[in-house]
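Read through the structure below, which is laid out as structure tokens, and then see the notes.
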Amino acid sequence: MPVTLRTRGAAAAVLITAFGLGLGGCDALDPTNLFAEKYKPEVVQDTPADKLYSEGLAKIEDSDYEGAVKKFDSLDKQYAYSDWSRRALLMTAYANYEGQKYDDAITASKRYLQRHPASKDAAYAQYLMAMSQYKQIPDVTRDQDRSEKALVALQELVQKYPTSEYSTDAKAKIQITRDQLAGKEMEVGRYYLEHRNFPAAINRFRDVVSKYQTTRHAEEALERLTEAYMALGIVAEAQNSAAVLGHNFPDSPWYKDAHALLQNGGLEPREEKGSFLSKIYTSVMGRTAAAQ
């Protein structure tokens, strides 16, 4: 009768048992696992933390930012939850930033702030995150999602760490970012104005004046409002926008254009003190005076 798989298995078990009994005093083989090679685990010693950190810094000195990130990642993993791990995570963000891997720098900075929000280097981590967004701001013709994110990150830096050494630079870049966002609104508004979609143009120019009244685009926005209102025959609003422009930017060439446009229609600028535009600039002037 042929031996079945079950029979073979049983026979093998008997043989193994018998073999084990016969070689009970032999150290060369494991009687429970005849066919396995003897395994000796290799113990790998961790690289000292200070050595890994120094190697990462050396990689940065050589502009090998990818290599630096690997060293700091290894340090973070081998010495998790230690101060070395904290320092490594910050340097990972920095190395990625210097290597222009801005999204990776943002990720590392966020992790640092989540783990160490009260750290003495938290302001720097926030700055790295904000600058990584700022460096990716596109030209004004493209979507400005990065500009919005950069503005939020920069504002958080100023609000959370007002006395940090990065606050002054952040304030300057906030103004540049706001100017970029205003420029995008102006581009869209001009498009609508050119295509005689005056209500849509007015909405864009009002947004510039409402949100970005301290940028260089505010003067043009007020003049363009004068144009759009005149085109729609809304004379009082046209007079008001020109008057607000003249009151706040009397030497602006945009005011000269707005004034000339009104005069061609037999009109003069006339400000409505309770108007939307007047209130905005009254508020702005009040804040400016208070800051001084």
Side-chain angles (χ1 to χ4, degrees), residues 44-139 142-182 184 211-212:
V44 179
Q45 297 293 331
D46 286 342
T47 305
D50 58 344
K51 187 174 188 296
L52 279 174
Y53 191 78
S54 296
E55 288 174 351
L57 294 180
K59 294 288 185 183
I60 289 176
E61 286 292 324
D62 293 337
S63 299
D64 180 7
Y65 302 113
E66 185 175 350
V69 167
K70 289 179 181 178
K71 290 293 182 182
F72 294 127
D73 278 347
S74 180
L75 177 56
D76 182 28
K77 291 173 182 176
Q78 289 187 39
Y79 298 90
Y81 306 108
S82 69
D83 192 57
W84 284 112
S85 171
R86 179 189 67 79
R87 294 165 66 182
L89 185 53
L90 186 65
M91 292 307 296
T92 297
Y94 173 74
N96 277 316
Y97 174 78
E98 288 295 324
Q100 299 183 16
K101 292 191 173 181
Y102 298 122
D103 286 339
D104 290 338
I106 290 167
T107 299
S109 298
K110 285 183 177 179
R111 284 175 57 208
Y112 185 93
L113 291 168
Q114 288 168 354
R115 290 188 192 177
H116 315 285
S119 163
K120 59 184 178 63
D121 293 316
Y124 185 57
Q126 180 72 35
Y127 183 67
L128 283 173
M129 182 169 65
M131 287 301 298
S132 295
Q133 297 284 12
Y134 182 84
K135 288 287 188 179
Q136 297 184 85
I137 290 178
D139 66 73
R142 300 174 64 187
D143 180 79
Q144 295 300 304
D145 179 64
R146 286 289 185 183
S147 300
E148 294 281 3
K149 290 178 178 177
L151 182 60
V152 170
L154 288 163
Q155 288 174 333
E156 285 182 357
L157 174 59
V158 173
Q159 291 165 4
K160 292 180 179 178
Y161 314 101
T163 61
S164 77
E165 60 187 293
Y166 315 106
S167 181
T168 300
D169 186 45
K171 288 177 181 178
K173 287 182 168 58
I174 284 172
Q175 187 63 20
I176 294 170
T177 305
R178 285 168 54 81
D179 195 86
Q180 177 81 357
L181 291 167
K184 180 63 177 181
K211 299 176 183 177
Y212 311 112

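All values below were derived from every heavy atom in this structure, side-chain atoms included, with hydrogens, water molecules and symmetry-related copies excluded.
- Between Tyr65 and Tyr97, a ring centre-to-centre spacing not shorter than 6.0 Å is recorded.
- Leu157 CG to Leu128 CG: the interatomic distance, rounded to the nearest 0.5 Å, is 10.5 Å.
- Here the shortest heavy-atom pairing between Gly56 and Ala68 reads O-CB, 3.6 Å.
- With rounding to the nearest 0.5 Å, the separation of CD in Gln126 from OG in Ser164 is 9.5 Å.
- Contact of the Ser167 side chain with the Lys171 side chain is registered, since non-hydrogen atoms from C-beta on lie closer than 4.5 Å.
- Remark: Glu66 CD is loosely packed, at most 12 non-hydrogen atoms of other residues, nucleotides or ligands lying under 6.0 Å away.
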Next on the checklist: Let's go through Lys59 and Glu55 carefully: what are the C-alpha distance in whole Å and the side-chain angles of both, what is the deciding distance for salt bridge (charged side-chain N to carboxylate O under 4.0 Å, His left out) to 0.1 Å, and is it a yes or a no?
Outcome noted: CA-CA 6 Å; Lys59 294 288 185 183; Glu55 288 174 351; over 6 Å; no

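- A donor atom on one side chain and an acceptor atom on the other are found under 3.5 Å apart for Gln78 and Ser74.
- You'll find the side chain of Leu57 stays beyond 4.5 Å of the side chain of Glu61, heavy atoms only.
- Annotation: side chain of Lys101 is not in contact with side chain of Ser132 (no heavy-atom distance under 4.5 Å).
- The CE atom of Met131 sits 11.5 Å away from atom CD1 of Ile106, with the distance rounded to the nearest 0.5 Å.
- Remark: Lys135 fails to qualify as a cation-pi partner of Tyr102 under the 6.0 Å distance and 45° angle criteria applied to the six-membered ring.
- Shown are Phe72, Tyr79, Tyr53; of these, the ring-ring contact (aromatic ring centres under 6.0 Å, His included) with Trp84 is made only by Tyr53.
- Between Asp121 and His116 the shortest side-chain heavy-atom distance does not fall below 4.5 Å.
- With hydrogens and angles ignored, the 3.5 Å screen pairs a side-chain donor or acceptor of Gln180 with a backbone N or O of Pro138.
- Across all non-hydrogen atoms, the minimal contact from Thr177 to Ser147 is CG2-O, 3.2 Å.
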Next on the checklist: Go through it in stages, so that I can follow the logic: the residues are Asp103 and Arg146, the test is salt bridge (charged side-chain N to carboxylate O under 4.0 Å, His left out), and I'd like the CA-CA distance, side-chain angles, deciding distance and then a yes or no.
Outcome noted: CA-CA 11 Å; Asp103 286 339; Arg146 286 289 185 183; 2.9 Å; yes

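- Under the 4.5 Å side-chain criterion, counting only non-hydrogen atoms from C-beta, Leu75 is not in contact with Met91.
- Lys173 NZ to Thr168 OG1: the interatomic distance, rounded to the nearest 0.5 Å, is 11.0 Å.
- For the atom pair Leu52 CG and Lys70 NZ, the distance stands at 14.0 Å (nearest 0.5 Å).
- Counting heavy atoms from C-beta on, the side chains of Leu154 and Tyr134 come closer than 4.5 Å.
- Remark: aromatic rings of Tyr166 and Tyr124 are close, center separation under 6.0 Å.
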Checklist entry - Do Lys149 and Asp145 pass the salt bridge (charged side-chain N to carboxylate O under 4.0 Å, His left out) test, and can you show the C-alpha distance, the side-chain angles, and the key distance before you say yes or no? => result CA-CA 6 Å; Lys149 290 178 178 177; Asp145 179 64; 3.3 Å; yes

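- The side chain to side chain donor-acceptor pair (under 3.5 Å) with Asp76 is formed by just one residue from the set Lys71, Arg111, Arg87; it is Arg111.
- A donor-acceptor pair under 3.5 Å is absent between the side-chain atoms of Gln133 and the main chain of Met129, judged by distance alone.
- Atom CG of residue Leu113 and atom CD of residue Glu156 lie 9.0 Å apart, to the nearest 0.5 angstrom.
- Tyr112 places a side-chain heavy atom less than 4.5 Å from the side chain of Arg86.
- Checked by atom type and distance alone, the side chain of Gln144 pairs as donor or acceptor with a backbone atom of Arg142 at under 3.5 Å.
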